[in-house]
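Quick caveat: nothing in here was measured; it's all calculated off a predicted structure.
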Amino acid sequence: MSAKLPPFDAADPLGIDDLLDPEDLAIRDTVRGWAADRVLPYVADWYEKGELPQIRELARELGGIGALGMSLTGYGCAGASAVQYGLACLELEAADSGIRSLVSVQGSLAMYAIHRFGSEEQKREWLPRMAAGEVIGCFGLTEPDHGSDPASMRTHAKKDGDDWVLNGRKMWITNGSVAGVAVVWAQTEEGIRGFVVPTGTPGFSAPEIKHKWSLRASVTSELVLDDVRLPASAALPEVIGLRGPLSCLSHARYGIVWGAMGAARSSFESAVEYAKTREQFGRPIGGFQLTQAKLADMAVELHKGILLAHHLGRRMDAGRLRPEQVSFGKLNNVREAIEICRTARTILGANGISLEYPVMRHATNLESVLTYEGTVEMHQLVLGKALTGLDAFR
């Protein structure tokens, strides 16, 4: 006698939740509940005003639920699995990409750099407070004239006695103007090095970037370094060269693989609910074949993307995730998430551009996610090189 099949779950059509254990589900539900309570009721207003007014309070709350540096171990970090961190990113970005960016930059860039490449003194000084959300961090790599080619950065650090003196500019830096510490990458005579820069250091400033039409519920800044003098102990001692910042970016990109599917899920769910209640020609538009075709295609890409993210997470937990595989996930999932949001907008019609629904907010946010931490073209070239063995970057 064959076993009775479980009922079809429209929210989980592939049964991906069966791959998660109770702790995974508990973490996901905790983050989802926090976002529902602390972000969703307010985020449309934040987005419309172009501000994140409670960022310090939100950071402390995120620290309280273990979401900051959550896949790192020790120093007050949660020590969660890669899959659990990914689930958190998905739930945060289902609320808003700006909130997930806050967490990604804090944990996967600033904290990760200190955790992996810092001295024991640097780790003890910064990581516990950053994990608790008491100190917000930022990550200074991109420059006004150098994004995809960080090896050509102009920010430089020169030795002056036992000190380092930093000069340069960084651009499009999430959390910059509210950060208490910045991890800044600069050219030195030895090669590119990272520096832990307290933002109160004389010569450091972080003017906020205004007039954005994407990631509006997020703090984005320029970093200005004018003769910023730091002690020798400010340099990250365990790495020299681009391997340092690129390994941090790979960790952050992994979170984006999951996060983009959160934005897509939110838009898809809005489209499904709208299609079931919006009536035209005497019946709900969800009953028309063309609408159902759109919903079916969206569901296929959404859950394929989640399954891909889960697979990459298991590989990361096993210590087998390669940077090329992260590029695979980031390229596919962000690109498909944007298409899901755009298709959802067509189902909502004119209502799709209203902030009463999340669809257009997610779509515009994802336009930034598409190009930050590696443009489409850069990830295509990473995969192209992996597939052919030929370097087409130059």
- Query: Is Glu190 salt-bridged to Arg193, going by a charged N under 4.0 Å from an acidic O?
  - Reply: yes
- Donor-acceptor contact below 3.5 Å, side chain Ser266 vs main chain Ala263: no
- Message: I need the His311 NE2 to Lys304 NZ distance, nearest 0.5 Å.
- Response: 14.5 Å
- Task: Compare all side-chain heavy atoms of Asn167 with those of Leu225 and state whether any distance is below 4.5 angstrom.
- Result: no
- Evaluate the side-chain proximity of Leu109 to Ser104: yes if any heavy-atom separation is below 4.5 Å, no if none is. no
Please list every donor-acceptor pair under 3.5 Å in which a side-chain atom of residues 244-257 meets a protein atom from a residue at least two apart or in another chain.
from	atom 1	to	atom 2	distance (Å)
Ser247	OG	Arg243	O	3.1
Ser247	OG	Gly244	O	2.8
His251	ND1	Ser108	OG	3.0
His251	NE2	Ser71	OG	3.4
Arg253	NE	Glu373	O	2.5
Arg253	NH2	Glu373	O	3.4
Tyr254	OH	Ala82	O	2.7
Tyr254	OH	Trp258	NE1	2.9

- Take Ile338 and Glu367 through the test side-chain contact (heavy atoms from CB on, under 4.5 Å) and record every step on the way to the result. CA-CA 7 Å; Ile338 289 177; Glu367 291 293 342; 4.1 Å; yes
- Item | Donor-acceptor pair, side chain of Gln325 and main chain of Arg322, under 3.5 angstrom | yes
- Message: With no hydrogens and no angle check, just 3.5 Å: does a side-chain donor-acceptor pair link Lys158 and Thr188?
- Response: no
- Query: Is any NZ, NE, NH1 or NH2 atom of the basic residue among Arg124 and Glu120 found under 4.0 Å from an Asp or Glu carboxylate oxygen of the other?
  - Reply: yes
- Message: If we ignore hydrogens and angles and just use 3.5 Å, is the side chain of Asp317 paired with the main-chain N or O of Ser81 as donor and acceptor?
- Response: no
- Return the set of residues passing side-chain hydrogen bond (donor to acceptor under 3.5 Å, both in side chains) with Asp9 (not counting sequence neighbours), or none when no residue passes. none
- Going through the distances and angles, do Tyr372 and Thr174 end up as a side chain to side chain donor-acceptor pair (under 3.5 Å)? CA-CA 11 Å; Tyr372 74 22; Thr174 297; over 6 Å; no
- Message: With rounding to the nearest 0.5 angstrom, report the CZ to CE distance, Arg265 to Met261.
- Response: 11.5 Å
- Message: Between Glu143 and Arg154 (side chain of the first, backbone of the second, donor and acceptor by atom type, cut-off under 3.5 Å), is there such a pair?
- Response: yes
- Message: For Gln289, give me all partners under side-chain hydrogen bond (donor to acceptor under 3.5 Å, both in side chains), at least two apart in sequence or on another chain.
- Response: none
Side-chain donor-acceptor pairs of residues 194-210 under 3.5 Å, sequence neighbours excluded:
from	atom 1	to	atom 2	distance (Å)
Thr199	OG1	Ala179	O	2.7
Thr199	OG1	Gly180	O	3.4
Thr201	OG1	Pro198	O	2.6

- Task: Mark yes or no for whether Lys123, through its side chain, and His115, through its backbone, hold a donor-acceptor pair below 3.5 Å.
- Result: yes
Ignoring hydrogens and angles, write down the donor-acceptor pairs under 3.5 Å from the side chains of residues 53-68, residues two or more places apart or on other chains.
from	atom 1	to	atom 2	distance (Å)
Gln54	OE1	Arg38	NH2	2.9
Arg56	NH1	Val178	O	3.1
Glu57	OE2	Arg38	NH2	3.3
Glu61	OE1	Trp34	NE1	3.1
Glu61	OE1	Arg38	NE	2.8
Glu61	OE2	Arg38	NE	3.1
Glu61	OE2	Arg38	NH2	3.2

- Message: Strictly distance-based, threshold 3.5 Å: is any side-chain N or O of Asn365 a donor or acceptor partner for the main-chain N or O of Ser214?
- Response: no
- Query: Do Thr142 and Lys170 have side-chain N/O donor and acceptor atoms under 3.5 Å apart?
  - Reply: no
- Going by the ring-ring contact (aromatic ring centres under 6.0 Å, His included) test, which pairs reach into residues 260-300, not counting sequence neighbours? Tyr274-Tyr357
- CG of Leu321 to CE of Met316: how many Å apart, nearest 0.5 Å? 5.0 Å
- Message: So does Val165 get a backbone contact from the side chain of Asp160, meaning a donor-acceptor N/O pair under 3.5 Å?
- Response: no
- Message: Checking the side chain of Glu125 only, and the main-chain atoms of Gln122 only, is there a donor and an acceptor separated by less than 3.5 Å?
- Response: no
- Heavy-atom donor-acceptor pair, Lys212 side chain to Leu215 backbone, under 3.5 Å: yes
- Query: Centre of Trp213's six-membered ring, under 6.0 Å away, within 45 degrees of the axis: is that where NZ or CZ of Arg216 sits?
  - Reply: yes
